[in-house]
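This is a predicted model, so every value here is computed, not measured. Because only heavy atoms are used, hydrogens play no part in the values below, and waters and symmetry mates are left out as well, while side chains stay in.
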Amino acid sequence: MCGITGWISFDRELRAERETLDAMTETMDCRGPDDRGVWAGGPAALGHRRLAIIDLPGGRQPMTVEADGKTVALVYSGEAYNFTELKAELASRGHRFVTDSDTEVVLHGYLEWGEAVAERLNGMYAFAIWDERVQRLVMIRDRMGIKPFYYYETPDGVLFGSEPKAILANPLARRSVSLDGLRELFTLVKTPGHAVWDGMKEVEPGTVVTVDRGGLRTHTYWKLETRPHEDDRATSIARVRELLDDIVRRQLVADVPRCMLLSGGLDSSALTAIAARQLGEVDEKVHSFAVDFVGQTENFVADDLRGTPDTPYVHDVARASGTLHQDIVLDARSLADPEVRAKVIRARDLPISFGDMDASLYQLFKAIREHSTVALSGESADEVFGGYKQFFDEDARSADTFPWLVNFVEQFGDSDLLRPELSAALNVPAYVKDSYNTAVAGVQRLDGESDFEYRMRRSSHLHLTRFVRVLLDRKDRASMAVGLEVRVPFCDHRLVEYVYNAPWSLKSFDGREKSLLREATRDVIPRSVYDRVKSPYPSTQDPEYVTVLQGHAKDLLARTSHPVFDLIDRDGLRRATEASAPRIPRASRRDLEYSLDLAIWLDLYKPELKLA
């Protein structure tokens, strides 16, 4: 896992731009604390920060190879879990390897198959190849968008990077955000290709972007497609387990310490149990970590979001699977600490706030990094198997909008945080409606599929192509900010394709969420977890958290000329500071969190806001 960046300028000699390339590369030192490297030749310059996972001495980058007397150079982030098989195939075709790294396999795969190497990879990756033979840059991103990848067109080429901050370090990139970027900030919708910053775009998941003197072109090599599902229930359950066993075995491969993120829910518990069984075959124990809050288990109060605390279930799994377990216990003041929140925002380059859940995730990963370099996560199982409340809520099912937005309003209420004139200019409801119509237009219907099954297929498709990308980006940024690689087994494209095409009647055959996953792993998870109703990622219930936030918000209100008040309504924030804790409305708590995060972002990045 690493950070990559680069600059293609067909009108310059970039060997003379070393200072700028170094600046772009060093913005991602947290993504790659183990090593750094840069390479430049003619119109191309590549930078790399390395987090060493496989072949620690041999995987240095940028990696180059000579072909037809010309240089082919690669910068690569991620993991190819099938690199061993690909290496054997390439060796049989005459390729010779000097390292044991998957990076070299990808580079030789490009020499053999060109851009089509992407279709042969199983993993999470974002990489760029400069091919001097044809004077062309090739940028490729994994199918599900697990690894981030951004680019910025210039008059004579392109800038690119794992994160916006790498691009923004180049003087050619404007640090501005217009209304369309703000619309993306104020919705829980991830528009494919949208990067919020003016002029910047994402390499979309499953996409190849090429740049040469003729311009920029994109090619989609993978997308979620509708296919008939012929397997019965028993066969489907067996196939899911077969895939999970293979996926976990592949993703446990590393030359550094690895662990499991354990929440006590079905998803992480299933992966932990499978990993424990596999590692037990070689007399190795699994290390597991969970987040908790001071006094939360003892004083937990059930509500409509979370019916049970995580810790008892976490400990059930740890005992049953014999893991070496550690709870990371956080306090309210650290969650509200502006310095911690600033680190989260700097990691994401944007104030897309999940409040204390962002701060706790960052601190969890920071604590884990003291023990492990790789962690496996249960992220994305809800999108793949149908685990969210909105999959079962009739209002969300029938609404002509993104299903999660229906439940979000029910749970958090409508906010009046934005200035009225800005809210009118943004017209977020129209933006969401257009985005939704675009998203559902591409969902293929199976011949003979009932109206209900098609609606559920559309819901699954929306979650897998829009919502999950918000969560994957959040997890990548928080983990890589501390140099921790988080792997997401449920995003293996083989599993995603198979379960997506299973009819909803099969995904929920027992009337519960994630029926296929539960039955596929029932032999390895504790009964308590098997019976547990889904509970989201935990959030602190300590009233001190809100009290501290209100104090910070009052300090912000005293800064009368702060640019955050060009975006938010001062009176709305003042009302949130006056709400009575501990029974502060969720909408008020969210307004406090978002206002403070917006202010931190504006202080850190000083973007030019185009509000008209």
Side-chain angles (χ1 to χ4, degrees), residues 1-8 20-32 45-49 75 77-78 126-128 137 139 141-142 145-154 157-187 189-205 207 209 211 216 341-354 358 362 469-481 597-598 600-610:
M1 195 70 67
C2 309
I4 67 173
T5 190
W7 182 7
I8 306 300
T20 298
L21 180 62
D22 283 344
M24 295 170 69
T25 303
E26 291 313 300
T27 62
M28 295 179 300
D29 58 342
C30 59
R31 294 187 76 91
L46 308 178
H48 188 264
R49 290 292 315 210
V75 281
S77 171
F127 60 91
L137 178 75
M139 298 183 284
R141 191 178 183 194
D142 66 69
I146 304 167
K147 301 312 299 174
F149 203 176
Y150 296 85
Y151 66 94
Y152 186 105
E153 291 186 71
T154 64
V158 70
L159 310 171
F160 68 85
S162 292
E163 297 178 354
K165 61 175 64 66
I167 294 171
L168 294 173
N170 191 300
L172 295 176
R174 294 170 296 162
R175 196 171 286 236
S176 62
V177 178
S178 62
L179 286 176
D180 213 30
L182 291 175
R183 291 184 183 103
E184 196 74 8
L185 281 183
F186 296 127
T187 62
V189 176
K190 182 71 182 72
T191 302
H194 205 303
V196 177
W197 297 94
D198 288 348
M200 195 180 299
K201 297 179 182 177
E202 280 190 316
V203 177
E204 293 189 29
T207 298
V209 177
V211 183
L216 183 147
R341 302 176 84 91
K343 290 176 181 177
V344 173
I345 291 166
R346 191 177 289 111
R348 299 186 73 170
D349 297 308
L350 295 170
I352 302 174
S353 179
F354 283 75
D358 275 346
Y362 171 82
R469 294 177 187 172
V470 176
L471 302 182
L472 289 173
D473 187 72
R474 168 179 176 255
K475 184 149 286 183
D476 174 88
R477 301 306 183 83
S479 60
M480 293 307 294
D597 287 352
L598 273 171
I600 291 170
W601 176 61
L602 292 168
D603 287 337
L604 288 174
Y605 286 84
K606 297 178 173 54
E608 175 191 357
L609 298 178
K610 300 177 180 178

K.L.:
List the steps, then state whether side chain to side chain contact (heavy atoms under 4.5 Å, CB included) holds for Phe127 with Asp142.
P.N.:
CA-CA 9 Å; Phe127 60 91; Asp142 66 69; over 6 Å; no
K.L.:
Write down the atom of Arg341, the atom of Asp597, and the distance for their closest heavy-atom approach.
P.N.:
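In terms of heavy atoms, the two residues are closest at NE-OD1, 3.1 Å.
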K.L.:
Would you name the heavy atoms of Leu21 and Gly47 that are closest together and state the gap between them?
P.N.:
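Nearest pair, atom of Leu21 first, then Gly47: CD1-N, 4.0 Å.
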K.L.:
Measure the CH2-CG distance between Trp197 and Asp349 for me, rounded to the nearest 0.5 Å.
P.N.:
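Rounded to the nearest 0.5 Å, the CH2-CG separation comes to 7.0 Å.
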K.L.:
As a test of understanding, state which of Leu159, Leu216, Val211 forms a side-chain contact (heavy atoms from CB on, under 4.5 Å) with Tyr151.
P.N.:
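Of the listed residues Leu159, Leu216, Val211, the side-chain contact (heavy atoms from CB on, under 4.5 Å) partner of Tyr151 is Leu216.
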K.L.:
With rounding to the nearest 0.5 Å, note down the distance linking CG in Leu598 to CG in Leu602.
P.N.:
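If I round to the nearest 0.5 Å, the distance is 6.0 Å.
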K.L.:
Mind listing the closest non-hydrogen atom pair of Gly181 and His194 along with its distance?
P.N.:
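The answer is CA-CE1, 3.9 Å.
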K.L.:
Any salt bridge (charged side-chain N to carboxylate O under 4.0 Å, His left out) involving residues 172-182? Give me the pairs, sequence neighbours left out, ordered by first then second residue.
P.N.:
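For residues 172-182, and leaving out neighbouring residues, the salt bridge (charged side-chain N to carboxylate O under 4.0 Å, His left out) pairs sorted by first residue read Asp180-Arg183.
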K.L.:
Could you go through Arg477 and Asp473, starting from their C-alpha distance and side-chain angles, then the distance that decides it, and tell me whether this counts as salt bridge (charged side-chain N to carboxylate O under 4.0 Å, His left out)?
P.N.:
CA-CA 6 Å; Arg477 301 306 183 83; Asp473 187 72; 3.4 Å; yes
K.L.:
Consider only side-chain N and O atoms of Ser178 and Asp198, and report whether a donor and an acceptor are under 3.5 Å apart.
P.N.:
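Checked: Ser178/Asp198 side chains pair up, N/O donor to acceptor below 3.5 Å.
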K.L.:
Before you tell me yes or no, could you show the steps for Met480 and Lys147 under side chain to side chain contact (heavy atoms under 4.5 Å, CB included), namely the whole-Å CA-CA distance, both residues' side-chain angles and the distance that decides it to 0.1 Å?
P.N.:
CA-CA 10 Å; Met480 293 307 294; Lys147 301 312 299 174; 4.2 Å; yes
K.L.:
Which distance, rounded to the nearest 0.5 Å, do you find between the CG of Asp29 and the CZ of Arg31?
P.N.:
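These two atoms lie 11.5 Å from each other.
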K.L.:
So, using ring-ring contact (aromatic ring centres under 6.0 Å, His included) as the criterion, who are the partners of Phe186 when residues are at least two apart?
P.N.:
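Phe186 satisfies ring-ring contact (aromatic ring centres under 6.0 Å, His included) with Tyr594 only.
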K.L.:
To check you understand the geometry: which heavy-atom pair defines the closest contact between Cys30 and Ala481, and what is its length?
P.N.:
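So the two residues come closest at CB-O, 3.4 Å.
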K.L.:
Of all the heavy-atom pairs spanning Cys2 and Ser77, show the shortest one and how long it is.
P.N.:
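Looking at all heavy atoms of both residues, the closest pair is O-OG, 2.9 Å.
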K.L.:
Just how far is it from atom CH2 of Trp601 to atom NZ of Lys606, taken to the nearest 0.5 Å?
P.N.:
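Output value for this atom pair is 12.5 Å.
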K.L.:
So do Lys343 and Tyr362 actually touch side chain to side chain, heavy atoms under 4.5 Å?
P.N.:
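Sidechains of Lys343 and Tyr362: in contact.
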K.L.:
Provide the closest heavy-atom pair for Thr27 versus Ala169 in the form atom of the first, atom of the second, distance.
P.N.:
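Closest approach of Thr27 to Ala169: CG2-CB, 3.8 Å.
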K.L.:
Should Glu202 and Lys190 count as an ion pair when the cut-off is N to O under 4.0 Å?
P.N.:
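Salt bridge present between Glu202 and Lys190.
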K.L.:
Evaluate the side chain to side chain contact (heavy atoms under 4.5 Å, CB included) criterion for residues Leu46 and Phe160: first the C-alpha distance (whole Å), next the side-chain angles of each, then the deciding distance (0.1 Å), finally the verdict.
P.N.:
CA-CA 9 Å; Leu46 308 178; Phe160 68 85; 3.7 Å; yes
K.L.:
Please determine which of Val344, Ile345, Ile352 meets the side-chain contact (heavy atoms from CB on, under 4.5 Å) test together with Asp358.
P.N.:
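The option that passes is Val344.
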K.L.:
More than 12 non-hydrogen atoms from neighbouring residues, nucleotides or ligands closer than 6.0 Å to NZ on Lys475, yes or no?
P.N.:
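For Lys475, atom NZ is crowded (more than 12 foreign heavy atoms under 6.0 Å).
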K.L.:
Would you kindly say whether Glu184 and Thr191 are connected by a side-chain donor-acceptor distance under 3.5 Å?
P.N.:
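Yes.
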K.L.:
Once you round to the nearest 0.5 Å, how far does CD1 of Ile167 lie from CE of Met200?
P.N.:
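Going from the CD1 atom of Ile167 to the CE atom of Met200 covers 4.5 Å.
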K.L.:
Quick one: does Tyr152's side chain get under 4.5 Å of Leu168's, heavy atoms only?
P.N.:
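A side-chain contact under 4.5 Å is absent here.
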K.L.:
Going through the distances and angles, do Glu26 and Arg49 end up as a salt bridge (charged side-chain N to carboxylate O under 4.0 Å, His left out)?
P.N.:
CA-CA 8 Å; Glu26 291 313 300; Arg49 290 292 315 210; 2.7 Å; yes
K.L.:
Let me confirm one number: the CE-CD distance from Met28 to Glu163, rounded to the nearest 0.5 Å.
P.N.:
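It comes to 7.0 Å.
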K.L.:
Does the Ser162 side chain pair with the main chain of Ile4, one donor and one acceptor, at a distance under 3.5 Å?
P.N.:
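Looks like yes, one N/O pair under 3.5 Å.
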K.L.:
Can Glu608 and Val177 be said to form a side chain to side chain contact (heavy atoms under 4.5 Å, CB included), step by step?
P.N.:
CA-CA 6 Å; Glu608 175 191 357; Val177 178; over 6 Å; no
K.L.:
Okay, side chain of Thr207, backbone of Pro205: is any donor-acceptor separation there less than 3.5 Å?
P.N.:
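Looks like yes, one N/O pair under 3.5 Å.
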